[in-house]
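Given the structure is predicted, the values throughout are model-derived calculations rather than measurements. Order of listing sets the numbers, starting from 1, for every ligand and every atom in it.
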Amino acid sequence: MTLIFKSNADSWADWRQHLNEAAPDLACRDWDDPGDDDAVEFALVWKPPFGELRRRFKNLKAIFSLGAGVDHLLGDRDLPVGVPIVRMVEPELTRGMTEYVVLHVLRYHRAVPTLEDQQRRGVWHALATPTAPKRRVGIMGLGVIGQDSLRVLSALGFALSGWSRTAKSIPGVICHHGPEGLSAFLAEVEILVCLLPYTIDTDNILNRDVFDRLPRGAYLINAGRGGLQDEDDILAALESGQLAGATLDVFREEPLPAGHAFWDHPNVTITPHNAGTAQAWSGAGEVVANIRRIRDGAAPQNIADPAAGY
Ligand code: NDP
Ligand code: OXD
């Protein structure tokens with residue numbers, strides 16, 4: 001059994017160590033190492049060059065994404081045919097995403113940007129801030145990460161809404177779904193958190209039309225994908241005051257180009273696509289468990305659906 005690894009964003013040494021510990025019988029090799037490509041049955045990858053998986057590895061049994069999102073794979077028109085693509089679902093990636101969501105929700109909820117501005121200007125002014133039950137947070141995307149974020153926000157007492165593609169029922173959360181449910185979802189949301197995958201249906205979904213349906217002065221947090229956001233519309237909504245602030249982890253072009261208007265916008269917080277990262281010490285076991293399922297003739301867990309795009 002051989003696994004090939006490819007990523008410019010994850011540590012090969014780390015993953016190799018933890019894969020070896022979890023499966024001593026699994027030979028692991030880096031994409032650029034010499035070896036027999038026909039022996040490779042599994043690929044663990046982040047943004048492999050388009051066309052290469054199919055061209056090089058004729059005997060693949062599964063492609064494991066190093067990220068929860070699989071848009072970096074499904075965008076490849078020349079993928080191996082009939083090989084399952086497995087999303088990265090591992091507890092520490094989920095935990096990191098939840099940490100990010102809670103951090104930035106609380107930051108807006110407690111008006112930290114305004115307090116920091118006051119400090120810079122030497123102003124002592126005790127802002128009145130409501131407590132969590134009087135603040136409605138809305139999450140777009142009620143999958144693994146959206147639901148874990150809701151769990152922690154719920155423990156903090158926030159009023160919660162959610163939006164997904166198919167209908168959901170989550171205790172303590174007002175759930176909406178589909179394009180027909182979007183307006184009702186947005187109407188009351190003061191802090192909008194986007195945790196959607198990037199698909200044909202979600203392309204540019206964070207646009208003026210959506211911002212206009214939020215209460216005036218709402219906040220946006222996007223940790224899904226850059227392709228979900230219309231960046232000119234975000235700037236216009238910030239300019240008009242329809243959005244009071246935006247925290248963005250993902251961008252249409254990454255790294256965010258020098259000179260982009262987001263860089264020094266006073267109401268934009270930028271993080272460099274590091275909201276959550278799969279941890280080798282935790283994720284390797286998940287990958288190996290799926291490899292064992294495949295070896296036992298079962299289907300791996302967390303297969304992406306190419307038709308749905310996630
Ligand atoms: P899941 O596949 O578990 O959940 C996706 C959710 O999005 C589901 O609730 C799904 O609806 C919903 N959805 C998909 N398409 C639509 C649509 N057209 N309209 C409404 N809802 C839709 O994904 P995860 O929670 O694991 O991850 C979500 C995304 O987070 C990833 O795809 C990735 O882009 C991003 N991410 C970003 C990271 C970062 O560091 N910035 C790190 C990790 C992930 P339904 O429930 O009905 O299927
Ligand atoms: C992911 C990511 O999808 O890191 O996991 O963006």
Backbone or side-chain N or O of D201 under 3.5 Å from ligand 1 N or O: no
Steps toward salt bridge (charged side-chain N to carboxylate O under 4.0 Å, His left out) verdict (D296, R292): CA-CA 6 Å; D296 291 346; R292 299 223 185 286; over 6 Å; no
Within-shell test, T199 vs ligand 1, heavy atom, strictly < 4.0 Å: no
Any side-chain donor near an acceptor of the partner, Y100 and T247, under 3.5 Å: no
Which atom of P48 lies closest to which atom of L53, heavy atoms considered: CG-CD1, 3.9 Å
Distance-only donor-acceptor check, side chains S11 and D14, under 3.5 Å: no
Whether R87 lies under 4.0 Å from ligand 1, heavy atom: yes
W163-H177 aromatic ring centre distance below 6.0 Å: no
Sidechain N-carboxylate O distance under 4.0 Å for R136, E190: no
From CA spacing to verdict: side chain to side chain contact (heavy atoms under 4.5 Å, CB included), E286, F64: CA-CA 10 Å; E286 304 289 333; F64 294 96; over 6 Å; no
Check: G67 N/O within less than 3.5 Å of ligand 2 N/O: no
For W46, the ligand 2 atoms whose distance to one of its heavy atoms is below 4.0 Å: 2 (C), 6 (O)
Atom 8 (C) of ligand 1 - nearest protein heavy atom and its distance: G143 N, 3.7 Å
Considering all heavy atoms, the nearest F185-V189 contact: O-CG2, 3.1 Å
Donor on one side chain, acceptor on other, Y198 and D203, under 3.5 Å: yes
Sidechain N-carboxylate O distance under 4.0 Å for D78, R54: yes
Proximal atoms of ligand 1 relative to L142 (non-hydrogen, under 4.0 Å): 6 (C), 8 (C), 9 (O)
Under-4.0 Å heavy-atom contact with ligand 2, by part of Y198 that carries it: neither
Residues E41 and N59: side-chain donor-acceptor under 3.5 angstrom: no
Polar atom proximity, Y310 to ligand 1 (N or O, under 3.5 Å): yes
Donor-acceptor pair, side chain of D76 and main chain of L73, under 3.5 angstrom: no
Protein heavy-atom partner closest to atom 5 (C) of ligand 1 - residue, atom, separation in Å: P197 CD, 3.8 Å
Shortest non-hydrogen contact from I205 toward V210: O-CG2, 3.2 Å
Six-ring centre of W12, R29 cation under 6.0 angstrom, axis tolerance 45°: no
Over all atoms of both residues, closest heavy-atom pair of Y108 and G245: OH-C, 3.6 Å
Polar proximity ligand 1 side, D249 side, N/O cut 3.5 Å exclusive: yes
Ligand-side contact atoms (ligand 1) for residue partner A223, heavy atom cut-off under 4.0 Å: 35 (C), 36 (N), 37 (C), 38 (C), 39 (C), 41 (N)
Nearest protein heavy atom with distance in Å, relative to atom 5 (O) of ligand 2: A68 N, 2.6 Å
Ligand-side contact atoms (ligand 1) for residue partner R225, heavy atom cut-off under 4.0 Å: 33 (C), 34 (O), 35 (C), 36 (N), 37 (C)
Any donor-acceptor N or O pair under 3.5 Å, side chains E253, H260: no
L195 neighbourhood, listing ligand 1 atoms whose heavy-atom distance to it stays under 4.0 Å: 28 (C), 29 (C)
Nearest protein heavy atom with distance in Å, relative to atom 19 (N) of ligand 1: W163 CH2, 3.4 Å
Numbering as shown, the atoms of ligand 2 that approach G69 to under 4.0 Å (heavy-atom distance): 1 (C), 3 (O)
For atom 6 (O) of ligand 2, the protein heavy atom that lies nearest, with its residue and separation: H273 NE2, 2.6 Å
Atoms in ligand 1 flagged as close to H273, the criterion being non-hydrogen separation under 4.0 Å: 39 (C), 40 (O), 41 (N)
Numbered atoms of ligand 2 (with element) below 4.0 Å of G276, judged on heavy atoms: 4 (O)
Proximity of T202 to ligand 1 by residue part, where a heavy atom lies under 4.0 Å: side chain
Nitrogen or oxygen atoms of L93 and ligand 1 under 3.5 Å apart: no
Interfacing atoms of ligand 1 (cut-off 4.0 Å, heavy-atom, K168): 45 (P), 46 (O), 47 (O)
Heavy atom of the protein closest to atom 35 (C) of ligand 1 (residue, atom name, distance): G224 O, 3.5 Å
Test item, G67 contacting ligand 1 (heavy atom, 4.0 angstrom): no
Salt bridge flag under 4.0 Å for residues R225 and D71: yes
For atom 11 (O) of ligand 1, closest protein heavy-atom neighbour: R165 N, 3.2 Å
Option nearest atom 47 (O) of ligand 1 (shortest heavy-atom distance, choices V250, L196, T166, L182): T166
Check: V144 N/O within less than 3.5 Å of ligand 1 N/O: yes
N or O contact, R225 vs ligand 2, cut-off under 3.5 Å: yes
S161 versus H176, side-chain donor and acceptor atoms under 3.5 Å: no
Atoms in ligand 1 with a heavy atom of A68 nearer than 4.0 Å: 26 (O), 43 (C), 44 (C)
Ligand 1 to I145 polar contact by distance, N or O atoms, under 3.5 Å: yes
Protein residue, atom and distance nearest to atom 42 (C) of ligand 1, heavy-atom basis: M97 SD, 3.3 Å
